[in-house]
Each structure stands twice: as C-alpha cells, then as structure tokens.
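Just so we're on the same page: letters track the sequence lines, and every chain starts at 1. Heavy-atom basis, side chains included; hydrogens, waters and symmetry copies ignored.
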2 protein chains.
Amino acid sequence: MAVGGATMDERVPRDFETLRATILERRHSLPKRIAQIAAYALDNPDDIAFGTAASIAASAGVQPSTLIRFAQQLGFDGFTSLQQVFRERLRERNSSYDERLAALRAKAEEGGGHRAIFDGFVAAASTSLGDISRSLNEAHFDEAVALLAKAETIYVLARRRSYPVASYIAYALGKLKIRNQLVESAAGLNAEMIGFATPRDAVIAISFSPYAPATIEETRSIAEQGVPIVAITDSSFSPLAQFAEVWFEVAEADFGGFRSISATMALAMALTVAVGEKRREAGRRRKG
Amino acid sequence: MAVGGATMDERVPRDFETLRATILERRHSLPKRIAQIAAYALDNPDDIAFGTAASIAASAGVQPSTLIRFAQQLGFDGFTSLQQVFRERLRERNSSYDERLAALRAKAEEGGGHRAIFDGFVAAASTSLGDISRSLNEAHFDEAVALLAKAETIYVLARRRSYPVASYIAYALGKLKIRNQLVESAAGLNAEMIGFATPRDAVIAISFSPYAPATIEETRSIAEQGVPIVAITDSSFSPLAQFAEVWFEVAEADFGGFRSISATMALAMALTVAVGEKRREAGRRRKG
DNA sequence: GTCAATATGAAATATTAATTCCAATCTGTA
DNA sequence: TACAGATTGGAATTAATATTTCATATTGAC
C-alpha cells in the first residue's frame with residue numbers, strides 16, 4: 001500500500017553512525033521533549049539497545065509515546081525498528097576483532113603482501129589476549145597456583161604446538177629456583193621420568209586439538225599415580241580436562257592455519273610467576 | 001509461597017562466566033533437548049541476548065517451552081532472567097580495548113593478588129604487540145622472507161628465553177614442509193651441526209639481552225661460513241646485529257621481571273608463514 | 001490576546017512475546 | 001511387554017510491551 005511506501009522513501013538510517021549523524025544534524029530543529037530523548041539516546045545507547053520503551057522513557061524523563069514519535073521523526077516506523085539499529089551496533093562492536101581478522105585473512109589470501117600476514121598474526125594474538133582476559137576464571141587460577149606452589153617438583157608436559165609454552169614454563173620456573181622437570185626425553189625415557197612423580201608433586205599439562213596422543217597418554221598415566229594436574233587446553237571436551245584437578249580453557253584465534261599461542265603464553269607466565277610469589281610468601285612466613 | 005522461595009535458595013548464576021561453568025558442569029546430566037539448547041546458548045550468546053524466546057528456540061531447533069525449562073533448570077525463574085545475564089555480558093564487553101588495557105595495567109600495578117599478575121602479563125603482551133605493529137620495517141621483512149625462502153635448510157638458533165620461539169619456528173617450518181634444523185643438541189654436537197651449513201642455507205638467530213653466549217658464538221661461527229643470517233634481537237647494539245644480513249629490533253614489555261615474548265612470537269610466525277607462501281608461489285611459477 | 005498549529009501527557013488498545021498446561025512420546029526397569 | 005517417570009511438543013493462557021488515540025497544553029504568528 002502507498003502509505004507504507006511513503007516511509008520507505010525517506011532515508012532511514014540503517015547503521016548507528018548514520019543515525020547519530022542524522023540526530024546531531026537535526027538536533028536544533030527538534031521539539032523539546034524529542035530533543036531530550038535524542039540526547040539521552042546518544043548518551044546511553046546501551047540502554048536503548050536493551051530497555052523497553054517504558055523503561056527508557058522513564059529514564060529519559062519522557063512519555064513512551066514521545067519515544068515513538070522520536071523514532072518516527074527519524075523515519076522508522078516505530079520504536080522497535082529504531083532499537084534494532086542500537087542492537088546491531090552492539091553486535092558489531094563485539095565482533096569487530098573477528099571481522100578485522102577476516103579482512104586481514106582475505107587481504108593476505110588475495111596477495112596483499114607480507115605486511116598483511118604480519119598484521120594477521122598480530123591481530124590473532126591481540127584477539128586471543130582479549131578473549132582470555134575476559135574469560136579467565138579467577139578462582140581456578142588461585143586453585144592452580146595453590147596446587148602448584150606446594151608441589152615438590154613441577155612436571156611440565158607438552159608436545160608439538162604446545163611445546164614452546166612448556167619450554168618457556170620450564171625456563172621461568174628455573175629462574176625462580178622452582179624445581180621442575182620438562183618431560184621431553186629424546187632418549188625415549190619419558191615413561192620412566194614420569195614414574196618418579198608422587199602425589200606430593202604436580203603437573204602442568206598443555207594440549208590443544210588435535211591432542212598429541214603422547215601428551216594424553218602421559219597425562220593419564222601420571223594422573224593414575226595420584227599426581228595432581230593443572231591442564232591448559234582448548235575446550236571442555238578435551239581429554240585432558242577429565243584428568244585435571246584444575247583446567248583452563250584457552251581459545252586462540254588462528255591465522256593462515258596457525259593458531260596464536262600468545263594467550264597460552266600469558267597464562268603460563270602468570271601461573272609461573274604467581275607460583276613463585278606464593279612460595280616466597282610461604283617461605284617468609286616459615287622463617288618469620 | 002514456599003515454591004518461589006525455593007528457587008531463590010539455589011545459587012543462580014549472576015554473571016556469564018559462572019553461568020557458563022554451571023552449564024558445562026551439568027552438561028552430561030541434561031536431557032537431550034535441554035542439552036541442545038545449552039550448547040546453542042554457549043555457541044551463540046549474542047543470539048540469546050537479542051532474540052525472543054520463539055526466535056531463539058527456532059534457531060536452536062527446539063520448542064520455546066524447552067528454552068524456558070532450560071532457564072528454570074539453571075535456577076532462573078524464566079527465560080527473561082536468563083537473558084539478562086547474556087545482555088549484561090555484552091554491556092561489559094563493550095568497553096574499548098585501550099580502556100581495558102589501561103585498567104589492567106592500573107590494577108596490576110596496585111598489586112591486587114593473583115589476578116593482577118595475570119592482568120600484568122596480558123597488558124605486557126598487548127603493549128608489545130602494539131609496539132611491534134607500529135615499528136616493523138616492511139622492507140626488512142620482505143628482505144628476510146626472500147632470503148629465507150631460497151635457503152635449502154633453515155637453521156634455527158636460540159637459547160634460554162628465546163628458545164621457545166625457536167622451537168615454535170621449527171614446528172611451523174616442519175608443518176609447512178620446509179627443511180629446517182633446530183640447533184639444540186643435548187649431546188653437545190652443535191658445532192658439528194652448524195658445520196654442515198653452507199651459503200645456500202640460511203639462519204634465523206634469536207637472542208635478547210643478556211645475550212646467551214652460546215647463541216652469539218654459534219652465530220659468529222656460522223656467519224664466518226658465509227651463511228646468511230636473519231636476526232631477531234632487542235637493540236642495535238646487540239652482538240647479533242653485526243653478523244646479520246637483516247635484523248629486527250623487537251621491544252618487549254616486561255612484567256614482574258619477565259619479559260613478554262608475544263611480539264617475537266608474532267614476528268616469528270609471520271616470517272615462517274610468509275616464507276611458506278613465497279615458496280609456494282615460486283614452486284607454481286617453476287611448474288606453470 | 002486570539003487562533004491555529006504543534007507538541008505533550010496519559011490512558012486505552014493492539015500486538016507481541018513469555019509462560020503454563022496437558023497430551024503424547026520416549027526411556028529405563030521389572 | 002507393561003508400567004512409571006521423565007521428557008517433549010504444541011496449543012492455550014497470561015503477561016508484557018509497543019502503539020494509538022484523544023484530550024490538554026504550549027508555542028508562535030497576526
């Protein structure tokens with residue numbers, strides 16, 4: 001019908017930035033209450049995204065009907081469609097890193113030069129760090145630190161892609177004078193090495209899909225000896241999770257088929273240093 | 001009524017992480033359709049935040065009533081209160097990257113326990129990535145890639161703190177089917193290993209202050225054989241710089257006496273993958 | 001100051017969405 | 001195989017929310 005068509009003739013802002021620009025442009029020609037809700041909308045976009053017409057109107061100090069008139073003045077056919085724009089904004093913000101990564105991937109694939117590859121890895125690392133920073137469970141972290149701090153020897157277990165992390169942990173533990181054993185015998189003596197572990201020791205096991213069979217097997221075996229295990233892995237379905245006293249799920253972004261390990265590294269370093277701190281504290285208490 | 005009180009007694013997850021943990025914990029004891037919506041919720045948290053019960057149920061392939069039962073099983077009194085948790089998550093996420101980084105750093109500095117240690121390492125890694133992203137010399141990068149791409153064997157040389165980077169490079173080169181040799185003989189045969197290198201090979205040497213003497217010594221020795229060297233190090237005064245055809249200066253931020261290695265890792269991965277790309281291209285040209 | 005046009009408030013209504021209910025189906029057990 | 005209990009689907013009901021309407025107030029031009 002023609003009436004419906006009429007509203008479509010106007011340029012209805014489809015994204016937040018356009019909407020924002022439109023509001024700012026018309027700001028001075030808007031009636032008082034409409035201007036009031038307009039200002040509120042730009043100041044509290046999240047409230048518009050999630051609130052109800054009634055709750056938003058109340059917060060802004062106007063009537064719900066005013067809110068709808070505001071939406072209509074901008075060319076929307078009601079509050080609901082105006083709200084969509086505010087919701088879309090949140091969704092996009094949220095996925096901006098993923099999109100950036102996707103863009104870089106595309107650029108690298110179509111031959112955007114080496115710089116694109118480099119940027120891609122930096123972006124993957126940043127994304128992973130952001131994710132882990134949001135998702136780390138503090139209680140688990142404390143638990144893991146406590147468990148590792150009281151271990152006589154910390155065994156470190158990892159293969160393939162995770163091996164660099166293990167070697168870094170071993171290096172850092174060594175610098176902190178914490179007895180540790182990196183399980184990586186070239187002579188094939190891993191089983192024997194693991195055999196020495198007792199329940200007074202502890203294990204850090206690291207493995208990501210596709211899980212290196214050797215890591216799984218060794219973790220199982222050492223778990224059966226009653227040695228407590230801290231696992232760093234990539235999903236709750238990981239075979240490591242079932243053996244572990246505490247486990248961390250780390251989601252690393254990938255680029256060009258290679259996953260970042262920055263988040264895992266950051267977690268590993270934090271664990272190591274926190275264990276060192278805790279030991280120092282404990283040592284001081286014993287002496288003092 | 002007592003029924004209402006009963007639901008409040010249970011620990012209702014108030015934040016997304018707790019909710020997530022609760023779901024994962026009960027995952028196996030949930031009925032089929034409930035488990036289905038549970039998996040959907042964790043995979044598509046944004047949809048839960050924005051959708052209606054009907055739309056979400058349809059996307060997940062269940063009935064709206066199932067969605068409500070799911071919420072109730074978790075202790076919420078309905079879908080609406082479950083949804084609040086998902087919305088809150090989006091609001092929190094929303095704060096900008098820089099703001100969060102600044103917050104992390106502040107918190108880490110004022111020493112707020114274990115979480116602060118973790119935040120400190122994340123902040124250090126993020127800072128380092130930002131720095132390298134700004135300072136990387138593209139021409140040097142291209143040069144290094146060209147040099148490495150035409151090598152018969154790539155020797156990788158690093159000790160101590162840099163060793164994890166070397167082992168990761170070796171792993172990645174291996175996956176890309178690029179012949180390489182990680183110089184790390186436990187049997188003390190490094191000198192012999194290096195002896196095989198010719199000017200048709202190439203070296204990636206990584207070392208940061210305080211430079212591991214072995215790395216320096218081996219790099220000198222291999223340079224004298226006329227093998228071209230790409231170095232990753234931390235300043236122009238680095239002893240590695242003088243031997244290298246191309247060298248990168250990487251400034252890593254530190255926390256608690258431990259430097260990040262995220263930037264070095266990102267550079268290493270980018271170099272590796274770029275070399276792989278270049279070889280693929282060259283291969284195609286030769287065949288086509 | 002009066003009038004018309006515009007804007008606003010508040011309640012009524014229409015719409016949409018969440019929740020409940022009950023019959024049907026599945027699952028495990030005797 | 002029969003049964004009880006749990007689970008599920010789908011319609012009916014209830015609650016909530018957006019929108020419309022209309023009376024009232026405000027504004028600006030003459």
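The nearest whole Å value for the distance from the CZ atom in Phe79(A) to the C1' atom in dT16(C) is 14 Å. Following rounding to the nearest Å, Ile68(A) (CD1) and dT8(C) (C1') show an atom-to-atom distance of 13 Å. Rounded to whole Å, the distance from CD on Gln73(A) to C1' on dT19(D) is 16 Å. If you measure from atom CD1 of Ile56(A) to atom C1' of dA18(D), you get 11 Å, rounded to the nearest angstrom. Note: CG (Leu67(A)) to P (dG9(C)) measures 13 Å, nearest angstrom. We find that CD of Gln72(A) is positioned 14 Å from C1' of dT8(C), with the value rounded to whole Å.
With the nearest nucleotide of DNA chain D identified for both Arg69(B) and Ala54(A), Arg69(B) has the one nearer the 5' end.
Using a distance-only test at 3.5 Å, with no hydrogens or angles considered, no donor-acceptor pair links the side chain of Ser162(A) to the main chain of Ala158(A). Remark: the backbone N or O of Asp15(B) is not paired with any side-chain donor or acceptor of Glu88(B) at under 3.5 angstrom.
Under the 6.0 Å distance and 45° angle rule, Arg87(B) does not count as a cation-pi partner of Phe50(A).
Residue Ile34(A) is in sugar-phosphate contact alone, with no base atom involved, counting any heavy-atom pair closer than 4.0 Å across all strands shown.
A donor N or O paired with an acceptor N or O is found under 3.5 Å between the base of dA10(C) and the side-chain atoms of Ser65(A).
With respect to Arg159(A) and Glu218(A), a salt bridge is recorded, a charged nitrogen being found less than 4.0 Å from a carboxylate O.
At the phosphate of dG10(D), OP1 or OP2 sits under 4.0 Å from a side-chain N or O atom of Gln63(B). In terms of phosphate contacts, Ser55(B) brings no side-chain nitrogen or oxygen within less than 4.0 Å of OP1 or OP2 of dA17(C).
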